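Down below is the structure, laid out as structure tokens.
These figures come from a predicted structure and were not determined experimentally.
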Amino acid sequence: MKRRISRRSFGALTLGMAAAGLPVVGSAQAVQYANPHLLMSPDALMDALAPKPGHEDLPQGVGIAVIDVRPREDYDAGHIAGAVHLDPNAVVAPHSPITGALHAVPEIEKLLGSLGINASTLVVFYDDRGGFHAARMLWLMEYLGHKNAAVLNGGYSGWTAQGGPTTSQWIKPTPRLFQAALSPRRHASAEDVLAHRSDPDGVLIDVRPTHMFEAGHIPWAINIHWADNLDATGFFRPAEALLEHFEHHRVTPERNVVMHCEVGLASSHSYVALRLLGFPRVRVYHRSWAEWSTDPDLPKAIS
């Protein structure tokens, strides 16, 4: 039976986090995301792009890049007015022996610069799969050292449901210079995963569906499906619900978390969920099972 966190238990967790010097997610009375800037609502994006009366103090699209990471045919059929297109797999090296492995950093820098992104740009990514592709881009931006990126909550469907303006006009951005400042604490290699096993606070999360996990997994991984981060409408679940969900699996803010999936895509979704909650130690093993499963020297299990 799933154990729920009571208001009293959550209050104890909050006090414990504060005592340990960890970020406090919220009060027991009103649990909020610790990092709400990582998730933008459709209404907030509308205000940022074209402020409503009384909100004129908000930036009017200056320094904002809205990036559509849906397939090209979906973008052509209709997209957020002002959004530029990025193929969902544009950051993936097509000829790598490891499926899903990323391009070299200089190539990704050029790609992001071509989208009109520089160090000061607020970047908002969206898709129509609950943030599946947008989350990878947010993780990648944080790994590259960019501190001003967000996922549009609810994606394109959420935008249109709120009456957001759309167009089928192709947008050509003005290229800018993007330079990475890598943040290794956001990234894990296979060697890091092996070393992480001996960390008493460590937890390795395999975010793939259960049938894939059971067919083969890293022996000390636990299975928490990425899609459970979302509610029935495709929006990220509220903070308290996400906390309860991860705490049920003994994933709490003091843990040292590494996560992976099949090809380094879905794991980023759970990375965003834990970053929203303020977990301080969260990394993505982006080469994931695609690399691990093909190396005969790495341990594997089935269940």
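Of the inter-residue distances, the one linking Thr121 atom OG1 with Phe178 atom CZ reads 9.0 Å to the nearest 0.5 angstrom. Note that the CD1 atom of Ile222 and the NE2 atom of His217 stand 11.5 Å from one another [nearest 0.5 Å]. The CG atom of Leu194 sits 5.5 Å away from the CG atom of Leu298 when rounded to the nearest 0.5 Å. Taking CG from Leu177 and CD1 from Ile117, the interatomic distance works out to 12.0 Å, rounded to the nearest 0.5 Å. Here the CZ atom belonging to Arg255 is positioned 9.5 Å from the CZ atom belonging to Arg281, to the nearest 0.5 angstrom. In this structure, Met259 CE and Leu274 CG are separated by 4.5 Å, a value rounded to the nearest 0.5 Å.
In this structure, the side chains of His260 and Val193 stay at 4.5 Å or more apart for every pair of heavy atoms. For the pair Leu111 and Val91, the minimum side-chain heavy-atom distance is below 4.5 Å. By the 4.5 Å heavy-atom criterion applied to side chains, Ile171 and His79 are counted as neighbours. Residues Val258 and Ile205 form no side-chain contact, since every pair of their non-hydrogen atoms from C-beta on lies 4.5 Å or further apart. Side chains of Tyr126 and Ile67 form no contact here, defined as non-hydrogen atoms less than 4.5 Å apart. Side chains of Leu45 and Val124 form a contact here, defined as non-hydrogen atoms less than 4.5 Å apart. At a threshold of 4.5 Å between non-hydrogen side-chain atoms, the residues Val123 and His146 count as touching. Asp128 is not listed as a side-chain neighbour of Asp74, based on a closest heavy-atom distance of 4.5 Å or more.
Between the side chains of Tyr156 and Asp127, not a single donor N or O lies within less than 3.5 Å of an accepting N or O. Between the side chains of Asn256 and Asp199, at least one donor-acceptor pair of N or O atoms lies under 3.5 Å. A donor-acceptor contact closer than 3.5 angstrom links the side chains of Thr233 and Asp231. In this model, no donor atom of one side chain and acceptor atom of the other lie less than 3.5 Å apart for Ser41 and Asn153.
By the rule that hydrophobic residues join a cluster once side-chain heavy atoms approach within less than 4.5 Å of another member, Leu265 and Leu204 end up as members of separate clusters. In this structure, Phe235 is not a member of the same hydrophobic cluster as Leu242, with clusters built from ILVMFWY side-chain heavy atoms closer than 4.5 Å. Residues Trp220 and Trp289 share a single hydrophobic cluster, defined by chaining ILVMFWY side chains whose heavy atoms lie under 4.5 Å apart. A single hydrophobic cluster is not seen to contain both Val251 and Tyr285; linkage of ILVMFWY side chains at heavy-atom distances under 4.5 Å, directly or through other members, places them apart. Hydrophobic clustering places Tyr271 together with Ile108 (ILVMFWY residues linked when any side-chain heavy atoms are closer than 4.5 Å, directly or through intermediates).
Tested against Leu112, the residues Met137, Arg176, Glu107 include a single side-chain contact (heavy atoms from CB on, under 4.5 Å) partner, Met137. For the side-chain contact (heavy atoms from CB on, under 4.5 Å) criterion with Val69, the lone passing option out of Arg129, His133, His85 is His133. The side-chain contact (heavy atoms from CB on, under 4.5 Å) test with His249 singles out one residue from Asp228, Ile224, Asn223, and that residue is Ile224.
Classification of the Trp139-His187 ring pair by plane angle, with boundaries at 30° and 60°, yields parallel.
Shown here for Thr167 and Ile80, the closest heavy-atom pair between the two residues is CG2-O, 4.4 Å. The minimum heavy-atom distance linking His37 with Ala150 is given by the pair O-CB, 3.4 Å. Nearest heavy-atom pair across Phe213 and Ser303 is CE2-OG, 4.2 Å. The minimum heavy-atom distance between Arg283 and Pro184, with the atom names listed, is CD-O, 4.3 Å. Contact record, Arg70 with Tyr75: NH2-CA, 3.6 Å, taken as the closest heavy-atom pair. For the pair Gly264 and Ser288, the tightest heavy-atom approach, listed with the atom from each and the gap, is N-OG, 3.5 Å.
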Practice item. Could you walk me through whether Val84 and Asp68 pass the side chain to side chain contact (heavy atoms under 4.5 Å, CB included) test, one step at a time? Key: CA-CA 6 Å; Val84 300; Asp68 185 316; over 6 Å; no
Practice item. Check the pair Ser270, Asn229 against side chain to side chain donor-acceptor pair (under 3.5 Å), reporting the backbone distance first and the verdict last. Key: CA-CA 7 Å; Ser270 291; Asn229 301 324; 3.2 Å; yes
Check your understanding: Which is it for Met40 and Leu122 under the side chain to side chain contact (heavy atoms under 4.5 Å, CB included) test, yes or no, and what are the steps along the way?
Key -> CA-CA 11 Å; Met40 183 170 282; Leu122 167 59; 4.1 Å; yes
Point to revise | Evaluation steps, side chain to side chain contact (heavy atoms under 4.5 Å, CB included), between Asp206 and His225 | key: CA-CA 7 Å; Asp206 184 329; His225 190 202; over 6 Å; no
Exercise for review: Dump the intermediate steps for salt bridge (charged side-chain N to carboxylate O under 4.0 Å, His left out) on Lys147 and Glu142, then the final yes or no.
Suggested key: CA-CA 6 Å; Lys147 302 182 184 302; Glu142 292 208 325; over 6 Å; no
Practice item. Walk me through it: do Asp76 and Trp170 pass the test side chain to side chain contact (heavy atoms under 4.5 Å, CB included)? Key: CA-CA 7 Å; Asp76 287 343; Trp170 179 264; 4.0 Å; yes
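Aromatic ring centroids of His269 and Phe236 lie under 6.0 Å apart.
Remark: Arg208 is not positioned above the aromatic ring of Trp226, lacking an NZ or CZ atom under 6.0 angstrom from the ring centre and at most 45 degrees off the axis.
Within 6.0 Å of CD in Glu73 there are more than 12 heavy atoms belonging to other residues, nucleotides or ligands. The environment of NZ in Lys300 is crowded: more than 12 heavy-atom neighbours from other residues, nucleotides or ligands sit within 6.0 Å. Applying the 6.0 Å contact sphere to CD of Glu214 captures more than 12 heavy atoms from other residues, nucleotides or ligands.
Within the 3.5 Å criterion, the main-chain N or O of Ala93 finds no donor-acceptor partner in the side chain of Ser96. Of the possible polar contacts, none joining the Gln179 side chain to the Glu109 backbone as a donor-acceptor pair under 3.5 Å is found. At distances below 3.5 Å, at least one donor-acceptor pair connects side-chain atoms of Asn35 with backbone N or O atoms of Arg275.
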